[in-house]
Each structure stands twice: as structure tokens, then as C-alpha cells.
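Chain A is the first sequence line, chain B the second, and so forth, proteins listed ahead of strands; every chain is numbered from 1.
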Protein chains: 2
Amino acid sequence: MSLSLRQLRAFAMAMETGSFGRAAARLHLSQPALTVQIRTLEETLGLTLFDRSARGVRPTEAGRTLAQSFARILEELDQVVAGAREQAARRSGTVHLAVLPSVAATVLPVALARLRQAHPAIRVLVRDAVARRVSEMLKAGEAELGIGTLPGPDPELTAETLFEDELVAVLPPGHALARRKKLTPAILAAEPLVLTEPGSSVRQLAERAFAEAGLVLRPAYEATYMSTAVALVRAGLGVGVLPATALDLQLAPLLELRPIPVPSMRRHILLLARRNSSLSPAAEALAEVLRATVVVMPKVG
Amino acid sequence: MSLSLRQLRAFAMAMETGSFGRAAARLHLSQPALTVQIRTLEETLGLTLFDRSARGVRPTEAGRTLAQSFARILEELDQVVAGAREQAARRSGTVHLAVLPSVAATVLPVALARLRQAHPAIRVLVRDAVARRVSEMLKAGEAELGIGTLPGPDPELTAETLFEDELVAVLPPGHALARRKKLTPAILAAEPLVLTEPGSSVRQLAERAFAEAGLVLRPAYEATYMSTAVALVRAGLGVGVLPATALDLQLAPLLELRPIPVPSMRRHILLLARRNSSLSPAAEALAEVLRATVVVMPKVG
DNA sequence: GCCAGTCATAGCATTTCCTGATGAGTCTCT
DNA sequence: AGAGACTCATCAGGAAATGCTATGACTGGC
């Protein structure tokens, strides 16, 4: 026979109640079952834990000492298990999340607020990064969950579309094109354009869409930060081709936004995770909240 | 399913070896058995501990965290159990022993030396006390084992004769009675006698023995300490009637010892313990050494 | 001396656990 | 590309453990 938790629990309870019968009742066991547990424990330890008499049991000195140690260990164990269960119940835990800045500034705060309401003890460590960095962080294990885009299927990552982001034309106040409801790459190609810098996913998207229309994208201005691009447009220096989800756009009341109804002007914002790696319950909870949140995002047009 | 140590051990080993198969081998289990243990553990916790693939398993983040806690707890448990087993094997432990001073000064050191040789880690806390105190200490739980005498059977104590102590006549150098091989109460009654103080077990024994012979014991001197009594005898002030086991006698080369061959001049030195209370393994070891040691004690006469 | 209370024992049923065989998926080497 | 090695999952049957009910043995109090 080897040691078992049953034995330890039986022993601890017997010590606590001072009686085999009462201990058995408290553990929802029959008294003989408990007696056997104690006896086998004594046998495995080679030590008498209780002195029995017809009037009851009395703990041995060794029994008293051991009971203390065992009780402490059981308590620690129970605490660890309780902690694990709490994590499993999504009531706690920490998620490392890598997000595109545009999403971090718009959809994410709403989702985090909801998550907090549902699972207050879940911590989310948000790391904003461009699409490529999001993928890298996931693969490197620096993030458990990611929100970004992918150039194509990635064998290491799972992807699931959260929502679609579209590039929209951003017009300065009073611009001539403002009378149109929609704009096309062909129309835009004639204007001085404000875009993000080469290499950014938004820029790549725009270039591909123009190429499909047989056009070459030749921006007048290139900005690294969205706020810069918006400022350039507002100053009337050109027409912006920028993602609709960017917070800076939605906060700029004087600018006119016009959709560019070309499929390739849309990009899929993906919920990313490592393939072959299960999500922690906390991450699972976050993912669920994200899925439920994005459908509520405002439309642009 | 409830938590079991098997599961924890399986989990800890799987985490340590990084493989279910290797963990199973190390635990002398089949791989399926280990797989099941891990799975049921995951079910009871509600938590995925490993991500499986056909290439092997990789611990989850939660798994890594939990493994640390569990490993620590298992180690503590093993340590406690090892300590208990060591006690059971009599390799360690502490015995509280109450002893008559005469025994403490003579037989006991020999026994303790032997015990140390056999079980170096057993500690013996020696408390010397007169016969009545020895009994009291046992009953009060202040001592686990006692060496003393009893006026009669005691319902609370078990007694076992270790050896018999006899009162001997102690003659100063050149005393007239020294030519006799043996002495009797009748002869001694005519001498000025040196005894221990009234109430001591030695004194009571002597009084009873004299009474049986129809004599009244009327000592010339009464000493509390054996060393005093011996000094009085050596100074020629009288004939001592003292226990043969007293170390002071055996260390006093000039004194002549003569047996008093009367049965009632003997007292049983008893090994005492609480009835209804089992001895700790360490105490058991001490008891055995005591039994084996006393038969070797020197004879007087 | 009987009754109440406590633990131990025995026989039987149930649950748990393990093993051995087998299957499925992946990687490596040829 | 295919064979072989490796890993984990699943399944079926049997062994071990655990538990329960019934009963016994012993003690202390009324």
C-alpha cells in the first residue's frame, strides 16, 4: 500500500473530531471504511497513530505531531486546487494580448470593459503592435492571443475573422469629391493622396487594390502615425486612404468619409492564436467577449 | 472523481520528464495508465495541463504554474512521511524518561550508551525523581517511560520488573561485623543505623523488613542524600542500610558491604508505562535496551 | 447486569486502476 | 514517397482498492 489522500483526509478528520465514528460521518463514510483507512495509513507509516480502547481513540504522540504536518499540507493542497479551479472557472487568470493599434484604440476598450464586468479578476496585458509584430509575438510565446492581420495562412497560427476593416477615403472639409457617395481607386488616383508609410499593412492593402484596378499608387504624403495622416488631410494637403476603424478618424468631425466599394480594400481583422496550443480559460473568456463585441462596431459610410 | 496523490505524482513526473511515456516508465506504470491519470486530473481541475500532439506533449501555462505548487507540496509530504518512517524505524524520536536517582546514576548511563550505539538519533530526556514522582509524571503524561517502584498494582500503569534492588548493610572500615558474610535485621537492630529519610522508598522497605522480623527500626542518622549517608557511615557513626545499586556505595572502596538475606529487603525496580497507551518506537527501543542491560549489573555481597 | 457507545472484523458489491493490444498522427531517414 | 520509430489515445478485460451492511467485542454508567 502506498500513501493516499483519502488516508490523510481520514486521519486529519479523525484527529479533528477525536472519534472514528464522527470523522466517518463528516466524510460521508461508514465507520468501518474510516477505520480501514486509518489502519492502512498506520501500516504504510509503520507507526501507531491512535491508541484504541473500547471507549474511543486517543491520538499517539507521533499521531499528534504528524497530524499537524498533514493538516498543513492538505490545506496548502486545497488552496492550490481552489486556485486552479478558479482559473478554470475563468474567474481569474492573466492573458497576454497583442493588438493592432487601430483596434486597441477602438474596439478593444469596449471588449475589455465587458470582460471586466463578466470576469473581474481576469487581467489582460495589452501590447499594441503592427500586424507583423503581432504574429511574431504570438509565435514567440510573448502573447497568448492576438488581434491582427495575416498575409496568408500561417501553419503556426489559427486565425478567425473578427470583423472586416475597410479603407475609406478621407476628405478635407469642403472637398469637391464630397458630393459623391462612393469613391473608386480610379477617381482617387487623380488626387494627391495621404497614406501610411510603406510596409504597413494598410499601405500594402491600398497598393494591392490599386494594382488590381491597373493603377499605381503614388501617395503625395506618407505618415507613420494615424494622427499625422489625419492632420495632413485636415490641412487640405490631400485625400486620405485610411482604415475606417482608426479612432482618429471617428473623432475628427470635420472630415468627410466616403467608402471605396472595392473588395480588396477590405482587410480581415483576425483573432489569432498559436495552433497546437490550447487557450487558457482566461484567454478563452477574452476571445468570447471579443467575438461578441465586434459585431456591434459602428459602420462607416 | 476526486484528487489523488497518484494523479499528482503522475503529473509531476510528466512535467519533469516532458513525456507521458517516460513518466510512466519512471513510475513503473504503463503509458495508458499515466495518460488516464493526467486526464482525470485535468477533469477534476477543469483545466488543460498539457497540449497534446502526435509528437509529444507540451505543458500549458497553467500546467507549469500548477506543477510548481504540486511539486513543492509533494516534496513536503514526502519529507514528513520520511520523518515518520524514520521514527517508526526507531532511528529517531524523543523519549521522556522518569527514573529513580539511584538507577539514573548506575544502570542508566550504561543503557543510554548502548541505545546511542544502536539508535544514535534517539534523544532521551532523563528526569530523575523519587518513586512517587515517577508514577505521577507517567500519569500526567510528563514522561512516557518510567523506572521506579510501586507500592502495589496500579490500574493506570503497566509494570515489569527490570531487576531487584536489595538493601545491604554498609560497614565502616574495620567494623566488628565485617567478619560475618551475611547480616540479619536482628543483628543490625543492635547497631546505630544510618538510613535515608522517612518516606523514601528505601526507608519504607527497611521499616517493613524490620517489622516482619518483629523489630522496630530506630535509625541513629537519617540522610536525604545518598552521599550524606555514605559519608556518615564512613565516618564510623553507624552501619548503613542502603540500596546496593547506589553509585556512591560502589565508588567507596573502604566500605564493606554485606547482604541482608531477607526477601523483604528486596525491592523490584520496575519499568513503568501508561496502560492503554502504546509506546512510541523510540521508547520501545529504549525499553528493550533497558531490559537487556540490567541483567548485566554487578552483584553485591 | 444490562444498555449505550465505540471500534474491529467479515463478506460481498462496487468503483477504480492497470495492463496489453491497437490505432492515429508526426517526424526522420532513406 | 514510403518505411520505421516515436508519441499519445482508446479499448477491453481483469486485478486491486474501497465501501457498505451486519455483526462482534469491549468498556463504562445506570
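Taken to the nearest 0.5 Å, the OG1 atom of B:T158 stands 7.0 Å off from the CG atom of B:L279.
Whole-Å rounding puts the B:L3 CG to C:dT16 C1' distance at 15 Å. Nucleotide D:dC6 holds its P atom 22 Å from the CZ atom of B:R58, rounded to whole Å. A:D51 places its CG atom 18 Å from the P atom of C:dT6, with the value rounded to the nearest Å. In this structure, CG of A:N276 is placed 14 Å from C1' of C:dC27, rounded to the nearest angstrom. The CD-P distance, from A:Q7 to D:dA17, rounds to 11 Å in whole Å. Going from atom CG of B:L5 over to atom P of C:dT16 covers 17 Å, rounded to whole Å. Distance A:Q37 CD to C:dT15 P: 17 Å, rounded to the nearest Å. Computed from coordinates, the A:L49 CG to C:dC7 P distance equals 15 Å when rounded to whole Å.
For A:Q79, the CD atom is loosely surrounded, since the number of other residues' heavy atoms within 6.0 Å does not exceed 12. By the 6.0 Å contact criterion, CZ on B:R64 is enclosed, its count of non-hydrogen atoms from other residues, nucleotides or ligands being greater than 12.
Remark: B:S19, B:F20, B:G21, B:R22, B:Q31, B:P32 in residues 14-32 of chain B come within less than 4.0 Å of DNA chain D through at least one heavy atom.
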B/S/- along nucleotides 24-30 of chain D (protein heavy atoms under 4.0 Å) is --BSS--
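Residues that satisfy the salt bridge (charged side-chain N to carboxylate O under 4.0 Å, His left out) test with B:E76, not counting sequence neighbours, are A:R72, B:R72. Remark: A:E212 engages no residue in a salt bridge (charged side-chain N to carboxylate O under 4.0 Å, His left out) (not counting sequence neighbours).
Between B:R52 and the phosphate of D:dT7, there is no side-chain N or O to OP1/OP2 separation shorter than 4.0 Å. Applying the 4.0 Å criterion to OP1 and OP2 of D:dC8, one finds that B:R39 has every side-chain N and O outside that range.
Checking A:S201 against A:R267 by side-chain atom types alone, a donor-acceptor pair falls below 3.5 Å.
If you check every strand for non-hydrogen atoms under 4.0 Å, A:V36 touches nothing.
Checking C:dT9, C:dC18, C:dA8 against every side-chain atom of B:A33, the shortest atom distance belongs to C:dC18.
If A:L34 and B:G56 are placed on DNA chain D by their nearest nucleotide, the residue sitting closer to the 5' end is B:G56.
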Expected list for residues 87-96 of chain A: side-chain donor-acceptor pairs under 3.5 angstrom, two or more places apart:
residue: A:R90; atom: NH1; partner: A:E288; partner atom: OE1; Å: 3.3
residue: A:R90; atom: NH1; partner: A:E288; partner atom: OE2; Å: 3.3
residue: A:R90; atom: NH2; partner: A:E288; partner atom: OE2; Å: 3.3

Pair up each side-chain donor or acceptor in residues 123-140 of chain B with any protein partner under 3.5 Å, not counting sequence neighbours, and list the distances.
residue: B:R133; atom: NH1; partner: B:E136; partner atom: OE1; Å: 3.1
residue: B:K139; atom: NZ; partner: B:D154; partner atom: OD2; Å: 2.6

Walk me through whether A:R274 and B:E61 qualify under salt bridge (Lys or Arg N to Asp or Glu O under 4.0 Å). CA-CA 13 Å; A:R274 277 187 295 282; B:E61 186 54 40; over 6 Å; no
